[in-house]
Structures are given as C-alpha cells and as structure tokens.
Enquirer: 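Handing you this structure, nothing more for now.
Note that this is a predicted model, so its numbers are computed, not measured.
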Amino acid sequence: MNSWFLRGALGLIVVLGAVLVLVIMLAPGGEREVQIGDRTITSQRATVVDRAEENTGNVVVQPSPEFLIEYAFGDGLDGFNILIIQADGSGEYTYWDKASDSTRQKKLTFEVSPEQLEAICSQLNQSGFMALANEYRGNDANGTQIAITVVSGHVEKEVYCDNHFPMAVVTLADYLEKEVIQPQRKSS
C-alpha cells in the first residue's frame with residue numbers, strides 16, 4: 001500500500017509540474033501586436049482595468065432612434081481620427097491628413113445604409129463590446145489610444161483603451177476601419 005501511495009503521489013507531482021510548465025509557456029506575454037485596419041499597433045498587458053459599475057453585458061445593440069457610435073483612434077502626439085455614426089445613418093469622419101507636406105485635419109460626411117447600420121450593431125453584439133470594462137491601460141506613457149462610445153436605447157457604454165486593447169475592441173475597430181472608414185476615404 002505504501003508503494004501504491006508513493007507512485008500516486010509521484011504521478012500527481014509530475015502531472016501538476018507539467019501543467020505548471022504548460023501554463024507558463026502558454027501565458028500571454030507582456031506585449032502583442034494587433035492589426036486594426038491598415039495599421040499594426042502594440043497591445044501591452046493591462047496594468048489598470050476599471051470595471052464598469054453598471055451591468056451592460058446583457059444589452060443588445062440595435063439601430064434605435066437614440067443609436068450612436070463614436071470611435072476615436074490615435075495618440076496625443078499625432079492627434080485622433082474620429083468616426084461618428086448617428087441613428088439616421090449620417091456619418092462623419094474627421095481625420096489628420098499626413099499625405100501632404102503640411103498635416104491638416106479633414107472631414108468627410110457620408111450616409112450609411114440601414115443594412116450597414118444593422119451590420120455595425122451586429123458587430124457590436126458579436127464582439128461582446130457591451131460587456132467590456134470601461135477602461136484598460138497598459139504600462140506605457142506613449143502609444144495608441146482608442147475610445148469607443150455606443151448609445152443604444154437609453155444605455156450608453158464608453159470604453160477607453162490606452163496601450164491595451166481587448167480582442168472585442170480590436171475586432172470592432174478593425175471592422176469600422178475596413179468596412180466604414182476605408183471605403184469612405186476611397187470614395188472621397
């Protein structure tokens with residue numbers, strides 16, 4: 001009985017050791033690169049996560065009369081590009097044009113179709129955006145920030161990311177860049 005116990009204990013120690021090694025090997029590093037539109041940015045491990053006081057995780061985003069999405073992407077040095085889409089489908093994209101010798105701000109106005117508005121709401125719901133914390137901060141004073149505000153019905157959800165970007169934010173930002181902003185910039 002003693003040898004059976006020792007073999008079992010040794011087996012348990014080996015298994016636990018293997019699990020520990022696997023967890024250490026698969027643990028996410030401090031940084032990872034993520035693709036948003038045509039840009040690659042660095043997402044660091046979050047050092048601050050500010051949980052929301054209100055529970056918006058069960059909210060289903062719909063193109064209601066109060067619907068609004070505001071998406072800001074940039075940094076303190078180069079400025080922010082800002083996309084705003086209203087419930088009626090009116091859109092506005094203000095961005096810094098760096099293609100010319102003098103950097104200047106430009107504004108596009110456009111309309112999104114009811115189908116595009118539905119697709120944006122679907123993307124918000126699929127990504128789990130409404131269940132996110134309100135704020136994520138990495139450990140760097142420089143870098144990239146993303147702020148997204150969504151109003152659906154009488155619920156408002158704001159998420160601010162400073163050098164740490166949860167997958168839901170990356171997915172949503174990439175969608176907005178590729179499906180809304182890039183087509184509007186090409187057609188202007």
Enquirer: Check whether any side-chain N or O of Asn163 sits under 3.5 Å from a backbone N or O of Thr144 as a donor-acceptor pair, and report yes or no.
Expert: yes
Enquirer: How many angstroms lie between atom CD1 of Ile148 and atom CG of Leu83, to the nearest 0.5 angstrom?
Expert: 10.0 Å
Enquirer: May I ask you to check if Arg185 and Tyr95 form a cation-pi contact, with NZ or CZ under 6.0 angstrom from the six-membered ring centre and within 45° of the axis?
Expert: yes
Enquirer: Any heavy-atom pair between the side chains of Val155 and Met130 that's under 4.5 Å?
Expert: yes
Enquirer: Which heavy atom in Gln184 sits nearest to a heavy atom in Glu111, and how many Å separate them?
Expert: NE2-O, 4.5 Å
Enquirer: Which residues pass the ring pair (Phe, Tyr, Trp, His ring centres under 6.0 Å) test with Tyr136, sequence neighbours left out?
Expert: His164
Enquirer: Short question: side chain of Gln35, backbone of Gly37 - any donor-acceptor pair under 3.5 Å?
Expert: yes
Enquirer: Do Pro114 and Pro63 have side chains that approach each other closer than 4.5 Å (heavy atoms only, starting at C-beta)?
Expert: no
Enquirer: Whether the side chain of Asp174 engages the backbone of Val170 through a donor-acceptor N/O pair (distance < 3.5 Å, no angle test) should be reported.
Expert: no
Enquirer: For the pair Thr171 (side chain) and Met167 (backbone), establish whether a donor and an acceptor sit closer than 3.5 Å, ignoring hydrogens and angles.
Expert: yes
Enquirer: Identify whether Leu172 and Val34 are in the same connected component of the hydrophobic contact network (ILVMFWY, side-chain heavy atoms under 4.5 Å).
Expert: yes
Enquirer: Quick one: does any side-chain atom of Lys157 pair with a main-chain N or O of Val59 as donor and acceptor, under 3.5 Å?
Expert: no
Enquirer: Using atom types as modelled and distance alone, determine if a side-chain donor or acceptor of Glu179 lies under 3.5 Å from a backbone N or O of Leu176.
Expert: no
Enquirer: When you measure from the side chain of Ser152 to the backbone N and O of Gln62, does any donor-acceptor pair fall under 3.5 Å?
Expert: yes
Enquirer: Closest heavy-atom contact between Ile146 and Ala173?
Expert: CD1-CB, 4.4 Å
Enquirer: Spell out, yes or no, whether Ile84 and Trp96 are grouped together once hydrophobic residues are joined by side-chain heavy atoms under 4.5 Å, including indirect joins.
Expert: no
Enquirer: Quick one about Ser122 and Gln126 (side-chain donor to acceptor, distance below 3.5 Å, no hydrogens or angles considered), yes or no?
Expert: yes
Enquirer: I'd like to know if the side chain of Ser113 and the backbone of Gln116 have a donor-acceptor N/O pair within less than 3.5 Å.
Expert: yes
Enquirer: Supply the atom-to-atom distance Tyr175 OH to Ile36 CD1, rounded to the nearest 0.5 angstrom.
Expert: 15.5 Å
Enquirer: Looking only at non-hydrogen atoms, find the nearest pair between Asp88 and Ser90 and report the distance.
Expert: OD1-OG, 2.7 Å
Enquirer: Could you pull out every donor-acceptor pair under 3.5 Å between side chains of residues 67-80 and any protein atom, sequence neighbours left out?
Expert:
from, atom 1, to, atom 2, distance (Å)
Tyr71, OH, Glu177, OE2, 2.8
Asp75, OD1, Leu77, N, 2.8
Asp75, OD1, Asp78, N, 2.6

Enquirer: Start with the C-alpha distance between Asn81 and Thr94, add both sets of side-chain angles, then the distance that settles side-chain contact (heavy atoms from CB on, under 4.5 Å), and finish with yes or no.
Expert: CA-CA 6 Å; Asn81 298 336; Thr94 307; over 6 Å; no
Enquirer: Step by step, work out the side-chain contact (heavy atoms from CB on, under 4.5 Å) result for Glu156 and Glu158.
Expert: CA-CA 7 Å; Glu156 182 174 329; Glu158 296 178 8; 2.6 Å; yes
Enquirer: Charged N to carboxylate O under 4.0 angstrom, Arg45 versus Glu31?
Expert: no
Enquirer: Connecting only ILVMFWY residues whose side-chain heavy atoms lie within less than 4.5 Å of each other, what is the rest of Tyr160's hydrophobic cluster?
Expert: none
Enquirer: Sequence neighbours left out, what passes salt bridge (charged side-chain N to carboxylate O under 4.0 Å, His left out) with Lys186? Give chain and number order.
Expert: none
Enquirer: Which residues pass the side-chain hydrogen bond (donor to acceptor under 3.5 Å, both in side chains) test with Glu66, sequence neighbours left out?
Expert: Ser64
Enquirer: Answer yes or no: is there a donor N or O on one side and an acceptor on the other, between the side chain of Gln44 and the main chain of Asn139, under 3.5 Å?
Expert: yes
Enquirer: Between Val49 and Arg137, is any pair of side-chain heavy atoms under 4.5 Å apart?
Expert: no
Enquirer: Could I get the full list of side chain to side chain contact (heavy atoms under 4.5 Å, CB included) partners for Glu33, not counting sequence neighbours?
Expert: Thr40, Thr42
Enquirer: Any non-hydrogen side-chain atom of Ile82 less than 4.5 Å from a side-chain atom of Tyr93?
Expert: no
Enquirer: Under the 3.5 angstrom rule, does the side chain of Ser127 hit a backbone N or O of Val169 as a donor-acceptor pair?
Expert: no
